[in-house]
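Side chains are part of it too, since the values below use all heavy atoms of this structure and drop only hydrogens, waters and symmetry mates. A note on names: the letters A, B, ... follow the listed sequences, proteins ahead of strands, and every chain is numbered from 1.
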Amino acid sequence: MKLVNRHTFAWLIVIVISFLAIEGLVSVGILDVFYEMALVQIGINIILGIGLNLIIGVSGQFSLGHAGFMAIGAYSVGIVYLDNPTVTGFFLGVLLGLVLSGVVALLIGIPTLRLKGDYLAIATLGVSEIIRIAITNMKITNGAAGISGIPLFDAIPMRQLVFIFVVIVTIIVVNYVRSSDGRATLSIRENEIAAESMGINTTKYKVMAFVIGAMTASIAGGLYASYFNTIVPTNFNFMKSVDILIIVVFGGIGSFTGTFVAALVLGILNTLLQDVSDLRMIIYSLALIIIMIFKPSGLLGTKEFSFSKLFSKKIKKAKKGGSTDGSVRN
Amino acid sequence: MALLEIKSLTKNFGGLAAVSNVDLYLEEQELVGLIGPNGAGKTTLFNLLTGVYEPSEGEVNFQGERLNGKKPFVIANKGLSRTFQNIRLFRELTVLDNVLIAMNNRYKEGLFTSILRLPKFYKVEASMKEEALSLLQIFELDGKNEELAKNLSYGEQRRLEIVRALATKPKILFLDEPAAGMNPQETADLTALIRKIQKEFAITVLLIEHDMSLVMDVCERIYVLEYGQLIAHGTPDEIKVNPKVIQAYLGGEV
């Protein structure tokens, strides 16, 4: 058996090329500090979107509480990293965030994931508000004033760190979805009664998707805390959850490449419109309305954009071209 | 002892007894029919047996084990599988995925094995696919592996439901109106298919069906349900001449 198949290879190339492209653009100075900030934000949004897409698009459970888990990650890194401003401190913070968000998601998921549709949305919304208000009223989180002076992770540039985390989170989530467990999770979205009758423990897989989604959100929160130095509870309010939801819906519920595209498009749009700040929200909203009218299933629907297919098409074309000029005998 | 034994099973929806006091047994490798007019409680009985509903009274014993109150997925994993009257496929997934999902419980990939894509993952995945494909081949669906389930024709969707149910390796298969909406030719094909399933997989089949030619043709025993109550039980020939059954279906006094 081959260690790396065609599919994996194509993605590997995409990862390396995009990494080199970003580094190249930064080194020649096209991507200045301002754009780099946008880039980091896009990266964080991708991580958030991927996690929420796992919950909404794959398991089919509508969650409006993603910002709550992001807050847990942000405050974990904020508190631990401020106390111990070393690389170890940062990763300890991330680890704490992962554990806490995982535990909270598990405790909340088991009772609330029995609910369906709107009810679940309201319940998850309530949970994220509880998390936010708890943070606002706790001493260790410094209440409503938030935590400031969180050191910037500087062992490697932040853009690289975010890039690495985007890759890791995406690989974990996509590999999970494309496994037996992932298929079982998809079947819940498709038809819960049938899934259960086929021996799928629907509660288990719903909770699993919810926990994994929450944990990825906490990673995004950790990166956010370190990059922006200051976190206050209002950063993680209902509107933040909606922002993430918009990315998922815009890209296509159930499509991970769609989430990438949506996070990029919306991030770039946001950055370009920074100069016309009055019009910004209007154009941004218009873009959303237009996409919902003309493509209600999102940019990519439930489809995935496949680089390996794109490559194999190119290779086929190249082969055809090669054989017609007679230089290759076949 | 019978493979499946149901004792005075009752299900009340408010004041309505959808199923009341039903006794029923299934032996190993039997093909049994369950008939009755519309609204007689046949599907409710299936839902009770597969755990979708919890019985109000009575008990369901499978190989001597009480199944009452167990969750549907637990019951499914014990070896009771079913199809649905109103087709419930995973519509947006491929035909192959539909079958693989039903095999989820018999193959363990492991969370970390699949996330890290260890060699074991590919091995398990390959053997799952192999089994799924051979199942699809028996039902002449192997050309459509990559097709979305919703794009199959009606007859193919019905067949896929059966394949999916068989993929759980059941000991008992409940078929809920498999011939509904089929033309006579398709029904004849289905008749042959049901026989083949029962023989090849050596399982017990309980069949709900309105098409009498099919039921009388393949079933060894038949139960007749009316208004939630069992009104007759016997071989097809006995059922055909049973006055209570004739009255239930054709009306009139006896």
Side-chain angles (χ1 to χ4, degrees), chain A residues 1-5 7-8 11-12 54 57-58 60 102 114 168-209 211-212 215-216 252-255 297 301-304, chain B residues 46-47 50-52 71-84 86-94 96-119 121-126 128 148-150 161 164-165 167-170 174:
Chain A
M1 191 175 57
K2 272 191 294 183
L3 198 63
V4 179
N5 62 21
H7 198 75
T8 320
W11 283 112
L12 216 59
L54 174 66
V58 178
R114 292 160 188 267
I168 292 174
V169 166
T170 311
I171 288 176
I172 288 177
V173 171
V174 171
N175 278 355
Y176 176 71
V177 172
R178 299 203 172 158
S179 71
S180 189
D181 289 340
R183 280 193 297 264
T185 317
L186 276 167
S187 75
I188 301 170
R189 176 193 80 186
E190 290 297 311
N191 196 321
E192 203 172 331
I193 292 178
E196 193 126 354
S197 294
M198 293 305 126
I200 305 288
N201 184 348
T202 51
T203 312
K204 175 182 144 195
Y205 287 110
K206 275 194 244 178
V207 171
M208 206 120 106
V211 168
I212 295 175
M215 287 166 98
T216 57
I253 293 172
S255 165
S297 56
T302 53
K303 292 191 182 63
E304 293 290 357
Chain B
F46 264 31
N47 284 337
T50 52
V52 177
K71 290 199 164 169
F73 77 89
V74 177
I75 293 179
N77 290 331
K78 290 205 183 297
L80 285 82
S81 193
R82 70 176 294 183
T83 66
F84 294 90
N86 45 344
I87 300 175
R88 283 181 187 273
L89 288 170
F90 307 127
R91 291 170 55 79
E92 299 286 337
L93 303 180
T94 64
L96 185 62
D97 279 347
N98 266 274
V99 182
L100 289 176
I101 286 166
M103 292 160 50
N104 174 66
N105 213 60
R106 290 191 291 119
Y107 289 86
K108 284 279 163 261
E109 275 174 1
L111 186 62
F112 290 99
T113 319
S114 49
I115 284 177
L116 298 174
R117 286 290 191 262
L118 300 177
F121 169 81
Y122 292 102
K123 221 185 258 172
V124 175
E125 198 82 342
M128 274 178 102
L148 291 187
K150 64 172 181 184
E161 272 229 323
R164 192 181 61 175
T168 63
K169 273 255 157 84
F174 299 109

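- Between chain A and the residues L111(B), L116(B), T113(B), V74(B), the most heavy-atom pairs under 4.5 angstrom are made by L111(B).
- Interface remark: E92(B) contributes backbone and side-chain atoms alike to the contact with chain A (heavy atom separation under 4.5 Å).
- Here the OG-CZ distance, from S197(A) to F46(B), works out to 11.5 Å after rounding to the nearest 0.5 Å.
- Side-chain atoms of F121(B) and S179(A), non-hydrogen and from C-beta on, do get closer than 4.5 Å to each other.
- Atom CG of residue L89(B) and atom OG of residue S187(A) lie 12.0 Å apart, to the nearest 0.5 angstrom.
- Under the 4.5 Å side-chain criterion, counting only non-hydrogen atoms from C-beta, Y205(A) is in contact with N104(B).
- When heavy atoms are compared at a cutoff of 4.5 Å, R189(A) approaches chain B solely by way of its side chain, counted from C-beta outward.
- Among all heavy-atom pairs drawn from A76(B) and E196(A), the shortest one is CB-O, 4.1 Å.
- Side-chain contact between L93(B) and E190(A): present, with at least one pair of heavy atoms (C-beta onward) separated by less than 4.5 Å.
- How far CG of N201(A) is from CG of N77(B): 8.5 Å, rounded to the nearest 0.5 Å.
- Heavy-atom distances place no part of T50(B) under 4.5 Å from chain A, backbone and side chain included.
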Show the numbers, then the answer: is there a side chain to side chain contact (heavy atoms under 4.5 Å, CB included) between I200(A) and I101(B)? CA-CA 8 Å; I200(A) 305 288; I101(B) 286 166; 3.8 Å; yes
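- Heavy atoms of I75(B) lying under 4.5 Å from chain A are absent altogether.
- Contact tally against chain B (heavy-atom pairs below 4.5 Å) for V174(A), I171(A), T202(A), N175(A): the top residue is N175(A).
- R164(B) and A194(A) get closest at one heavy-atom pair: NH2-CB, 3.8 Å.
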Checking L186(A) against D97(B) for the side chain to side chain contact (heavy atoms under 4.5 Å, CB included) test, could you report, in this order, the C-alpha distance in whole Å, the side-chain angles of both residues, the deciding distance, and whether it holds? CA-CA 10 Å; L186(A) 276 167; D97(B) 279 347; 5.7 Å; no
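- Around atom CZ of R114(A), no more than 12 heavy atoms belonging to other residues, nucleotides or ligands sit under 6.0 Å away.
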Starting from the C-alpha separation in whole Å, work towards a yes-or-no answer on side chain to side chain contact (heavy atoms under 4.5 Å, CB included) for M128(B) and R183(A). CA-CA 13 Å; M128(B) 274 178 102; R183(A) 280 193 297 264; 3.8 Å; yes
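- Looking at R117(B) and R178(A), their side chains come closer than 4.5 Å, going by heavy atoms from C-beta outward.
- Taking the side chain as every heavy atom from C-beta outward, F84(B) and I193(A) approach each other to under 4.5 Å.
- Residue F73(B) holds its CZ atom at 8.5 Å from NZ of K204(A), rounded to the nearest 0.5 Å.
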